[in-house]
Structures are given as C-alpha cells and as structure tokens.
Amino acid sequence: MINYNTRLMEQRRSFIKDLLVSTEIDREVNAKGWVRTKRGNKQVAFVALNDGSTIHNIQLVIDLTNFTENQIKEITTGASLSVNGMLVKSMGQGQSVEIQAKEIQVYGTADPETYPLQKKGHTLEFLREIAHLRFRTNTFGAVFRIRHAMAFAIHKYFNDRNFYYLHTPIVTGSDAEGAGEMFRVSTLDIENPPKTEDGKIDFTQDFFGKESNLTVSGQLEAELGATALSNVYTFGPTFRAENSNTPRHLAEFWMIEPEMAFYDIHDNMDLAEDMLKYLIRYSLENCIDDLKFLENRLIEEEKNKPQNEKSEMTLIEKLNLILKDDFVRLTYTEAIEVLKNSTPSKKGKFQFPVEWGIDLQSEHERYLVEKHFKKPVILVDYPKDIKAFYMKQNDDGKTVRAMDILFPGIGEIIGGSQREEIYDKLAARISEMGIPEKDMWWYLETRKYGTVPHSGFGLGFERLILFVTGMANIRDVIPFPRTPKNAEF
RNA sequence: UCCUCAGUAGCUCAGUUGGUUAGAGCACCUGACUGUUAAUCAGGGGGUCGUAGGUUCAAGUCCUACCUGGGGAGCCA
C-alpha cells in the first residue's frame, strides 16, 4: 500500500536537464536516473547520473563515511536510483553544479558481470543486438530525443498552416497502391485455408471478406480527405514487404504524406522545401546539445578513416548549408543532359549508361547532388512510364508532374507529384496499367464530383532523421527496426 | 535477391607457410590512492575459435554448405 503522507513529504523530483542549468543552488533536490559511471577512492565516490532528459549527466558526490559499504556496492553502471542531496557549485572541473548526496535509494541493481553496456564505446552493430538497452547510451539517447523533436515539429508545422492530421487506415483492402510488395493480413488458418471450387484460397471467408494487407501508403485516402478539408497530412507507419537489405530501407517505417487541394507541382515543391528547412532549423534551435554530441561522435569516428573518405563538413555545418540556399530545381530532361555531359559519363565511369527514359540509378543521383550541384536537388517532370498511374500528365504526352527531392548522402528523401484530376485521363491510365477499376471506384469518384487540381508528397521520416543526426544506418534511427529476417524485440 | 568482406574472451581485435598449453587492450573482480572527469596504478578470473560436414598424423588457420552481421547494387521513403 502506498503511504500518501510519506509521498507528500518527499522532495519533488527534478529533471537533470533543469538542475544543470539551475541558478538556484545550495538547496535540497531530488534526482532519479540511471548510473553511467562511478569512480573515486576510499573516501569519496563520483557517480555520473543520467535520466534521459538531456545528453548531459549530473555528478553525484558521495562521502563514503555517510553510507554503508553495501549501499555503495549496489551503485554500479546501469543501476537505477533516487538521490536526495544539496545542489552545489562543483568543486571539480568539468561541471558547474553537482549533488552532494545525503540519501540514496537504489531501485534496481545492474550486475556488472552481466550488464552489457560498458563505460567505453560500443559499435552500433553490437548495440543493435541489444536494442532494449541501447536507449541508455549517449548516442541513442541523442537520436531518439531528436526523433521526438522532429515528430513534434512536423505536427507543429502543419498545424500552424491549416493542415489537418488525417488517420488513414493501416489495414487496406486495396491492392492498387502499387508502391511495392505488401504484407498480408489474415485470420485464415494457414495450415488449412478454405478453398473455392477452382482451388484458390477463399478470401470471402477471411476476416474482412476480401484480401487485405498492411498499407504501403496513405496517399490515396489522404487525397479523399484533401478534396474536402483542403490541406491534410498523414503521419503513420508504413509497411513494405520488399526484400531490401540496405542501410536506407525498413520493412516498417514512418512516412509523412501531406496532400493539398488547389496546389500545383510548383506549390508542392515550395511546401516540401520550406518544410524540410523548417525541420532542420527546428533541430538546430531545439536539439543543439544532442547535435553537438553526434557531431563530435562523427569526428571521432572519422579520425581512423583515410583522408579522401573524410567529410568536408561537420554535421552542424551540413545542416546549416541546407538552410542557406534554395534547392536546385531542374527537370528530368535537364538532369539527363547534365549527366550526359558529365566527366564520369564521358569516361564511361557510370555502370548504367545515361539515356532519356531510364530510371535514374543511385550513382546518377549521387553525382547530381554530391558532385555537380553540392546541394539538395529537386527533379521534376519524369517520363510517365517510370512513374505511378495517379500522376498529372503533362501536355507533351511523355512526362508527368512528379518530383523527387534528393539529399546528399541519403538519396531520395521525398517523392511526390501533382495528381491527375481529370477523370478520363486518370481512368485511361488506370486501364493502361492494368489496375482493376473495381478496386478504384472510390478514388475515381473524387474526379467525378467536384474535382480539383491537387498535389502531395511522401517524406520518409527515418531518412529525415538519418540526415539530421548524421547516422549512417536507418536501423539506428528507429527504436526497433523491422527488416528482412529480423523482428526481434 | 545479387556482388563483396567479416564472425576468435562481455566488448574491440591480433593469431605467420596448417604444428606444443589460443593472445592483447578495454570491461569485470580484488587491492592501493582525500575531488574524480571514458580517473590512475598493481594483481586475478574469464574461450564450444558462428554452425554442420569434409581434407589431414595434426585445423582458429584449408575446402563445401548454411546462419548472422557490415559495405555496395536493385526495389523505394
């Protein structure tokens, strides 16, 4: 039973973030958190305590004469505790304030023989195998605080601009999104599924009465919302059953998909560029301690690399550069010309030759962004044959109003388009591409009744976090990555 | 899915042309030290060499398959 009187008497818990910048010193405080390190001698012990509120630790100074040997023994790396003590100006170097401990309650010990986190650095690959504990490291603390800040900033950005957050379904009965392989959702007995007369699986007996899958995109449903609410956005999990094994792909990832009525492709690009800059500026203004930590981490990591593999800029310089200039905007056709006239193309250095009509390979995108323009690039007006059915057809009959935003080191961070709003053109494209019209009747009806020009795009949330944090592998910017052959935790 | 590299102590790695009892640093434990900053110093414990086969008098080392991880490619956000 909880003793409420005692609880009221307790010193109120302060977050370490606030204690470290507190100007009110020489007062009793309480802090709770997890021990990062302990050091010291027979007389005094120093404990670095972290509670996740900041990358920084607060130092507890423990006069050993005031505590029993057993109490001190329990305080090891990883242990959780509550401390009451005086917040004082630090006598040592390296921190301005510290807590002179009076009372310590250890909530949970962490056996040093088996606790996997050490004081010294671990590889990211190792930490991925202990994803349940990696939050307790400086790096992942920083990454997930930034991830939160970016999610919050996205909602703020849209809310401040008259966008409505629309919850599009996670289970979909439509197979027409065409954005990749899907995960089936079913309650049928997989050992012994019901069959139709011609021997196929009888999905009419399944939970939803039809084949259903996890969503690969909320876009089509977002378009329905935009044709009444004007501006909407989705922000939710997205699932692709592709066998992709790269540092840039996940089977379960988060995507932001704004959809805007009365926006043409240029309005769309303006919004996308403004939003990316807003988010990066937000991170610089709100997460600078974490960014500085990650920046130093990268500098340390690169010390062992040969000169030609070192980055020209630090993380924060890289983020500031994005804010400085307009993104380069050029058409696919112009990009093909740039690539054809490039040195690697003339010397036959590209593995895939450049020709109008090809889908740009990552070597081409990297050349444009990292070598030629050295800043983010927005490509527009792609050949219609390499893009999705719903994209607005240009008058030339060859291209569609698609746009991709390419970022240095990341590749495609945003893909979007103006949508085809003319019923006949859209219907023609649907049948040309062999998409069953019976699945698309609801989508087509928005073009039948009160159709409007509209646009939207998809922003890969984890790719944004990769860029902002400077992390190299997408599995390190989502708490529990879902990838082929891995659904641990 | 394809190409490529790797898997040896809790972690990061070394281990020679196949050859005696498989090493180091860090971590951990014990001890020393009156304010440390990834504290320092001395000592100690700790191994199914990814798994399964094979070659050989002898395999951490060579061969085959598989598993796991990294990098690159494709698919895309």
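Chain letters run A, B, ... following the sequence lines, proteins first, then strands; residues in each count from 1. Treat the numbers as computed from the prediction; the structure is a model and nothing was measured.
- If you check distances only, the side chain of Gln118(A) does reach the base of G10(B) with a donor-acceptor pair under 3.5 Å.
- Residue contacts shown for Gln100(A) include a base, since a base heavy atom lies under 4.0 Å away.
- To the nearest whole angstrom, the two P atoms, one in C13(B) and one in G71(B), are 14 Å apart.
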What does nucleotides 67-73 of chain B look like as a protein-contact string, B for base, S for sugar-phosphate only, - for none, at under 4.0 angstrom between heavy atoms?
-SSSSSB
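- Residue order along RNA chain B, read from the 5' end via each residue's closest nucleotide, puts Glu113(A) first among Glu113(A) and Glu98(A).
- Within 4.0 Å of Gly415(A), counting heavy atoms only, lie sugar-phosphate atoms of the nucleic acid but no base atom.
- Among the protein residues, Lys73(A) comes within range of the sugar-phosphate backbone only, with heavy atoms under 4.0 Å from sugar or phosphate atoms but none that close to a base.
- With rounding to whole Å, Glu300(A) atom CD is found 11 Å from A38(B) atom C1'.
- For the C1' atom pair drawn from C29(B) and C63(B), the interatomic distance equals 43 Å after rounding to whole Å.
- G69(B) sits 31 Å from A24(B) when the P atoms are compared, rounded to a whole Å.
- Nucleotide U36(B) holds its C1' atom 5 Å from the CZ atom of Arg39(A), rounded to whole Å.
- Among the atoms of the strands shown, base atoms are found under 4.0 Å from some heavy atom of Gly40(A).
- U20(B): no Watson-Crick or G-U partner with both key distances under 3.5 Å is found in any strand.
- Each of U34(B), U36(B), C76(B) was ranked by its minimum atom distance to the side chain of Arg240(A); first place goes to C76(B).
- Judged by atom type and distance alone, Gln95(A) reaches the base of U36(B) through a side-chain donor-acceptor pair under 3.5 Å.
- Below 30°, between 30° and 60°, or above 60°: for Phe352(A) and His364(A) the angle between ring planes is above 60°, a perpendicular geometry.
- Ring planes of Phe152(A) and Tyr282(A): tilted class, angle from 30 to 60°.
- Residue Pro112(A) is in sugar-phosphate contact alone, with no base atom involved, counting any heavy-atom pair closer than 4.0 Å across all strands shown.
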Show me, pair by pair, the donor-acceptor contacts under 3.5 angstrom made by side chains of residues 467-474 of chain A, not counting sequence neighbours?
unit_1    : atom_1 : unit_2    : atom_2 : d
Thr469(A) : OG1    : Ile465(A) : O      : 2.7
Thr469(A) : OG1    : Met471(A) : N      : 3.2
Asn473(A) : OD1    : Arg475(A) : N      : 2.9

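- One P atom belongs to G50(B), the other to A59(B), and the distance between them is 15 Å to the nearest Å.
- The same atom, C1', is picked in U1(B) and in A22(B); the two are 39 Å apart, to the nearest Å.
- Here salt bridge (charged side-chain N to carboxylate O under 4.0 Å, His left out) pairs that include residues 355-364 of chain A, with residues two or more places apart or in two chains, are Lys340(A)-Glu355(A).
- Judged by distance alone with a 3.5 Å cut-off, no donor-acceptor contact links the side chain of His122(A) to the base of C11(B).
- Nucleic acid contact class of Met255(A) (heavy atoms, under 4.0 Å, all strands): sugar-phosphate only.
- Pair assignment for C26(B): G10(B), on the basis of Watson-Crick or G-U wobble contacts that are both within less than 3.5 Å.
- Checked by atom type, the side-chain pair Ser283(A)/Arg281(A) shows no donor-acceptor distance below 3.5 Å.
- In this structure, Glu365(A) reaches neither bases nor backbone, as no heavy-atom distance under 4.0 Å exists between it and the strands shown.
- As a whole-Å value, the separation of Phe126(A) CZ from G7(B) P is 17 Å.
- Remark: C2(B) base-pairs with G72(B). Criterion, Watson-Crick or G-U wobble with two distances under 3.5 Å.
- Within 4.0 Å of Leu459(A), counting heavy atoms only, lies no atom of the nucleic acid at all.
- Ring centers of Tyr263(A) and Phe163(A): at least 6.0 Å apart, outside the cut-off.
- Residue Thr77(A) is out of contact with every strand shown, counting any heavy-atom pair closer than 4.0 Å.
- Residue Thr37(A) places none of its side-chain N or O atoms closer than 4.0 Å to OP1 or OP2 of A38(B).
- When both distances must be under 3.5 Å, the Watson-Crick or G-U wobble mate of U64(B) is A52(B).
- Using a 4.0 Å heavy-atom cutoff across all strands shown, Ile256(A) reaches no nucleic acid atom at all.
- Look at Phe461(A) and the base of A77(B); the rings do not stack under the cut-offs of 5.5 Å between centres and 30° between planes.
- Taking atom C1' on both U4(B) and U17(B), the two are 26 Å apart, rounded to the nearest angstrom.
- Both tests pass for Arg161(A) against the ring of Tyr278(A): distance under 6.0 Å to the centre and angle within 45° of the axis.
- Side-chain atoms of Ser22(A) and Arg27(A) include a donor-acceptor pair closer than 3.5 Å.
- The distance between atom CZ of Phe46(A) and atom P of U36(B), rounded to the nearest whole Å, is 7 Å.
- Look at CG on Leu360(A): it is 11 Å from P on G74(B), rounded to the nearest Å.
- Aromatic rings of Tyr233(A) and Tyr165(A) (six-membered ring for Trp) have centroids within the 6.0 Å cut-off, being under it.
- For U36(B), the base has no donor-acceptor partner in the side chain of Gln93(A) [N/O atoms by modelled type, under 3.5 angstrom].
- Put simply, CZ on Arg463(A) is 4 Å from C1' on A77(B), counting in whole angstrom units.
- For Ile474(A), the side-chain atoms get nearest to A77(B) when compared with the rest of C33(B), G35(B), A77(B).
- Between the side chains of His454(A) and Glu223(A), at least one donor N or O lies within less than 3.5 Å of an accepting N or O.
- Whole-Å rounding puts the Lys42(A) NZ to U36(B) P distance at 18 Å.
- Shortest non-hydrogen contact noted between Lys42(A) and Leu64(A) is O-CD1, 3.1 Å.
- When the C1' atom is used for both G7(B) and U61(B), the distance is 14 Å, rounded to whole Å.
- Rounding to whole angstrom units, CG of residue Leu64(A) and P of U36(B) are separated by 15 Å.
- Figure legend. U37(B) is base-paired to no nucleotide; pairs are counted as Watson-Crick or G-U wobble with both atom distances under 3.5 Å.
- Comparing the same atom, P, in C28(B) and in U37(B) gives a spacing of 15 Å after rounding to whole Å.
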